[in-house]
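First up is the structure itself, then whatever we jot down about it.
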Amino acid sequence: FGKVVDLEMTESIPLLFEEAERTFNGVVDILVNNAAIGYTIPFLETLPGEMSREWERMAAINIRAPLLLSHEMMRRISKVKKSGSIVNLGSLGGIRGTEKFPGLTPYVMTKFAIAGLTESLAVEGRSIGVRVNAVAPGAVDTEMLRKAAPHLKTETVPEDVAKVIGYL
């Protein structure tokens, strides 16, 4: 497919689906909401005005984009009466009761939002044949983890998470 889409630009989302439908000759019936960004932002060391751009960008990519992508897919699926599957990438950071780390408040907030989005869309999607699940891994050896939390060490690699997504 090879297209790059700026998920902060909401008007690009329908265009992405149109291109995918042309390329693959049919409605998109599998969506993996995997795009996310994360910053380490000490909560008390940043003034609200200074943090707003970083927080807004994280919310746009980590919350608004999966919401709009899911809406676009479900809208299109409902028109053609076909089933589908959405898999949202969450995080253990977005699961109640797991360990949280300093400086990751905005990221954790977005991942809690993904958990709620997944639960709600699972209910909404049932009537149109769209299954909605989430995968919430702990630390995965990625560039984002190495930048945001260099102290965390893990043996989990992206391929491990991909296997779970493929199953769903």
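Just the heavy atoms: all of them, side chains too, but no hydrogens, waters or symmetry mates, feed the values below.
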Rounded distance (nearest 0.5 Å) linking atom CD of Glu56 with atom CE of Met58: 11.5 Å
Pairs touching residues 58-92 that satisfy ring-ring contact (aromatic ring centres under 6.0 Å, His included), sequence neighbours left out: none
Partner residues of Arg64 under the side-chain hydrogen bond (donor to acceptor under 3.5 Å, both in side chains) criterion, sequence neighbours left out: none
Test log, rule side chain to side chain contact (heavy atoms under 4.5 Å, CB included), inputs Glu155 and Asp141: CA-CA 7 Å; Glu155 293 182 17; Asp141 187 16; over 6 Å; no
Of all pairs that satisfy salt bridge (Lys or Arg N to Asp or Glu O under 4.0 Å), the ones with a partner from residues 28-43, not counting sequence neighbours: Asp29-Lys82
Side chain to side chain contact (heavy atoms under 4.5 Å, CB included) between Val140 and Leu145, worked out: CA-CA 7 Å; Val140 179; Leu145 175 72; 5.8 Å; no
Nearest heavy-atom neighbours spanning Gly90 and Pro137: O-CD, 3.8 Å
Side chain to side chain, Leu168 and Val135, heavy atoms closer than 4.5 Å: yes
Side chain to side chain contact (heavy atoms under 4.5 Å, CB included) between Leu31 and Val130, worked out: CA-CA 10 Å; Leu31 174 63; Val130 176; over 6 Å; no
Other cluster members, Leu92 - Ile/Leu/Val/Met/Phe/Trp/Tyr, side-chain contacts below 4.5 Å: Ile95
Donor-acceptor contact below 3.5 Å, side chain Asp160 vs main chain Val157: yes
Shared hydrophobic cluster for Leu67 and Val87 (ILVMFWY, side-chain gaps under 4.5 Å): no
Evaluation steps, side chain to side chain contact (heavy atoms under 4.5 Å, CB included), between Glu18 and Arg76: CA-CA 10 Å; Glu18 290 167 13; Arg76 290 168 182 263; 3.6 Å; yes
Heavy-atom side-chain contact between Leu117 and Val132 under 4.5 Å: no
Residue pairs fulfilling ring-ring contact (aromatic ring centres under 6.0 Å, His included) with at least one residue in residues 123-168, sequence neighbours excluded: Phe101-His151
Backbone N/O of Ala139 and side chain of Thr154: donor-acceptor pair under 3.5 Å: yes
Joint hydrophobic cluster, Ile63 plus Tyr107, side-chain heavy atoms closer than 4.5 Å: no
Show me, pair by pair, the donor-acceptor contacts under 3.5 angstrom made by side chains of residues 6-17, not counting sequence neighbours?
unit_1, atom_1, unit_2, atom_2, d
Asp6, OD1, Glu8, N, 2.9
Glu8, OE1, Arg57, NE, 3.1
Glu8, OE2, Arg53, NH2, 3.2
Ser12, OG, Asp6, O, 3.2
Ser12, OG, Met9, O, 2.6

Residues that Glu143 engages under side-chain hydrogen bond (donor to acceptor under 3.5 Å, both in side chains), provided they are two or more places apart: Lys147
Shared hydrophobic cluster for Val28 and Ile128 (ILVMFWY, side-chain gaps under 4.5 Å): yes
Sequence neighbours excluded - ring-ring contact (aromatic ring centres under 6.0 Å, His included) pairs with any residue from residues 111-149: none
Over all atoms of both residues, closest heavy-atom pair of Pro66 and Ile61: CD-O, 3.4 Å
From Ser70 atom OG to Ile86 atom CD1, the distance as rounded to the nearest 0.5 Å: 4.0 Å
Residue pairs passing the side chain to side chain donor-acceptor pair (under 3.5 Å) test where at least one lies in residues 111-138, sequence neighbours excluded: Asn88-Thr118
Any residue meeting side-chain hydrogen bond (donor to acceptor under 3.5 Å, both in side chains) with Thr40, in chain and number order, not counting sequence neighbours: none
Closest approach of Lys81 to Ser78 (non-hydrogen atoms, all atoms of both residues): NZ-O, 3.5 Å
same_hphob_cluster(Met74, Leu69) at 4.5 Å side-chain heavy-atom cutoff: yes
Sequence neighbours excluded - ring-ring contact (aromatic ring centres under 6.0 Å, His included) pairs with any residue from residues 117-150: none
Residue list, side-chain hydrogen bond (donor to acceptor under 3.5 Å, both in side chains) with Arg96, at least two apart or on another chain: none
Hphob cluster co-occupancy, Tyr39 + Met144, side-chain heavy atoms under 4.5 angstrom: yes
The single option from Ile37, Asn33, Ile114 passing side-chain contact (heavy atoms from CB on, under 4.5 Å) against Asn62: Ile37
